[in-house]
Amino acid sequence: MFDIRAIRNNPDIFDKGWARRGLSPQTSEILGLDEKRRSLQTSLQELQARRNDESKKIGEIKKDGGDATGQMQAVSIIKNDIAKMEEEERKIGNDLTTLLSSLPNILGDDVPDGADEEDNKEVHRWGDVKRPSGPDHVDIGEALGLIDFETAAKMSGARFTLLKGDMARMERALSQFFLDTHTQEHGYTEMSVPLLVRDNALYGTGQLPKFAEDLFKDHEMGHWMIPTSEVPLTNIVAEMIVDEEELPMRFTAFTPCFRSEAGSAGKDTRGMLRQHQFYKVEMVGVTTPDKSEDEHERMLTCAETVLKKLDLPFRTVVLCSGDTGFGARKTYDIEVWLPGQETYREISSVSNCWDFQARRMNARCRAKGEKDTRFVHTLNGSGVAVGRALIAVIENYYDPSDGGVFVPEVLKPYMGGLEKIVKG
RNA sequence: GGAGAGAUGGCAGAGUGGUUGAAUGCACCGGUCUUGAAAACCGGCAUGGGUUUACGCCCAUCCAGGGUUCGAAUCCCUGUCUCUCCGCCA
């Protein structure tokens, strides 16, 4: 959502911003609606003032025991006009809101222009690629008898996975390791959050109204399954005015994520890279407006740290204008090396949403002693996707001599000291 | 699933159709007093929007959305949330 006054004052900035996302100019339509609405509002309020005035007089006349029939009829007529005008005003207001809420965030100046992921700019690379190529997690996992797509498909269809034994345990170990690192070393507060949310929560973070088809919904109760715990974690501050002393707030959660993958038919169909359901440890930050860029860099470091501790080679890119998501002002993706694909694949996405979500959620902050409030800035980042981390470990820690998978050093404490996953 | 109670300003808590945007207390801000502080006393203190060069004026908001009425915090309907009791249940 956007500040209509800012659009009034600097329409060019917004049109140029949206042009970077490939959109045609929007502000003339926005401002046309805005002007219409305001002039309607003004005349509506004049009528309301007259109605209030007359009604007050009727009250006085009646109190004195007089006859107010004439005045009552007069107000009755005004009332009809008000009703008509209210409806028109509401309609235009809705049109305006619908238009504004379907427009993406304005990109940061430091976001490179580009059409798609080909144009993302690499920021840096980390780690030695010890296994440039090799079997993928499907071959390794199935040979070990610990990853089973067929059985999962039997009960749930495509894009689901069944993990067994030490493979299931390693998934759990990864999530524990991520959570512990973020809570104990990075200052995040662990949250256990609702996985089903209502429309308004998804509107707040920007998934609705535009991206309903990407989500699973329970039509009976009206709940949506979260596509990421960014939704519940960010909505913690919805409708709140927080003291600026309490900022930054840093939340983390380990949750399943549910995605319909409606637009990605045929994409990444092999293996467990793209599933309808996967686990993720998420980080969310809430800051004052002046601190979000620093927080963004910090959050990126937090996500990179867990990959470094796992000794997984990765590269970090800043997404170009065409690849940056709807609600983000700027996004870093961390891509981990997958020997099975001989390429880097996304394992984390770290975004600064600026005040975009805060406006939609009405999440504000106030400095001590101040009267005025400001919208907070919100950030979110995967820290990191557990399923994809598991893939990365399987493929990078593969031992061709026996088909096993070494357990990364930092995961051993979470796996009872196990050194290696082997065929059982 | 059944029965009932409730939602009012930062908080507590009045108000059941006519100057109620809302008593009172607490908190908060300013002042008087004091060497200083406390106490006491005096004054101020909701939010969003429209309009205005400005002072200001106006509109909306007592959980949300509809309705009744000349007029709604107050009456009616729907939804959301909270609480109590019964049933069921991880």
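Remember, it's a predicted structure, so these values are computed and weren't measured experimentally. Convention: sequence-line order gives letters A, B, ...; per-chain numbering from 1.
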So, with a heavy-atom separation below 4.0 Å from RNA chain B, the residues of residues 81-96 of chain A are A:Arg90

Between A:Phe258 and A:His276, is the ring centroid distance below 6.0 Å? no

Using the ring centroid of each side chain, check whether A:Phe251 and A:Tyr188 are separated by less than 6.0 Å. no

Flag the pair [X] and [Y] as a salt bridge only when some basic side-chain nitrogen lies within less than 4.0 angstrom of an acidic carboxylate oxygen.
X: A:Asp139; Y: A:Arg270; result: yes
X: A:Arg51; Y: A:Glu54; result: no
X: A:Arg259; Y: A:Asp214; result: no
X: A:Asp34; Y: A:Arg38; result: yes
X: A:Glu244; Y: A:Arg366; result: no
X: A:Glu185; Y: A:Lys309; result: yes
X: A:Glu295; Y: A:Arg250; result: yes
X: A:Lys91; Y: A:Asp95; result: yes
X: A:Glu261; Y: A:Arg159; result: no
X: A:Arg359; Y: A:Asp355; result: yes

Give me the distances for all protein-to-nucleotides 71-75 of chain B N/O pairs that come in under 3.5 Å?
from, atom 1, to, atom 2, distance (Å)
B:G71, O4', A:Ser55, OG, 3.4

Once you measure the plane-to-plane angle for A:Phe326 and A:Phe356, does it fall in the parallel (<30°), tilted (30-60°) or perpendicular (>60°) bin? perpendicular

Would you call the rings of A:Tyr414 and A:Phe177 parallel, tilted or perpendicular, where under 30° means parallel and over 60° means perpendicular? perpendicular

NZ (A:Lys217) with more than 12 external heavy atoms under 6.0 Å: yes

Just wondering, more than 12 heavy atoms not from A:Lys84 lying within 6.0 Å of its NZ? no

Please work out if A:Glu54 contacts a base, only the sugar-phosphate, or nothing of the nucleic acid, heavy-atom cut-off 4.0 Å. nothing

Scanning both residues in full, the closest heavy-atom pair of A:Gly145 with A:Lys164 reads O-CD, 3.6 Å

Can you see which heavy atom on A:Phe2 is nearest to which on A:Leu103, and at what distance? CE1-O, 3.5 Å

[atom1] spacing across the pair [N] / [M], given as an integer number of angstrom:
N: B:A3; M: B:C59; atom1: P; answer: 43 Å
N: B:U20; M: B:A72; atom1: P; answer: 15 Å
N: B:U69; M: B:U74; atom1: P; answer: 16 Å
N: B:G44; M: B:C81; atom1: C1'; answer: 35 Å

Just the table, please: protein N/O against nucleotides 76-83 of chain B N/O, every pair under 3.5 Å.
from, atom 1, to, atom 2, distance (Å)
B:U80, O3', A:Arg198, NH1, 3.3
B:U80, O3', A:Arg198, NH2, 2.6
B:C81, OP1, A:Arg198, NH1, 3.4
B:C81, OP1, A:Arg198, NH2, 3.0

Parsed dot-bracket for RNA chain B after applying the Watson-Crick and G-U rules with both distances under 3.5 Å and | for other-strand partners is ((((((((.[[[..)..(.....]]].(((((.......))))).((((((....)))))).[[[[[..)....]]]]])))))))....

Between atom CG in A:Leu40 and atom C1' in B:U51, what is the gap in whole Å? 15 Å

Do any N or O atoms of the protein come closer than 3.5 Å to N or O atoms of nucleotides 47-50 of chain B, and which pairs are they?
from, atom 1, to, atom 2, distance (Å)
B:U47, OP1, A:Lys371, NZ, 3.3
B:U47, OP2, A:Lys371, NZ, 3.1
B:G49, OP1, A:Arg5, NH2, 3.0
B:G49, O2', A:Gln41, OE1, 3.4
B:G49, N2, A:Gln45, OE1, 3.2
B:G50, OP1, A:Arg8, NH2, 3.3
B:G50, O2', A:Thr42, OG1, 2.9

Strictly under 3.5 Å: I want the nitrogen or oxygen pairs between protein and nucleotides 52-55 of chain B, one per line.
none

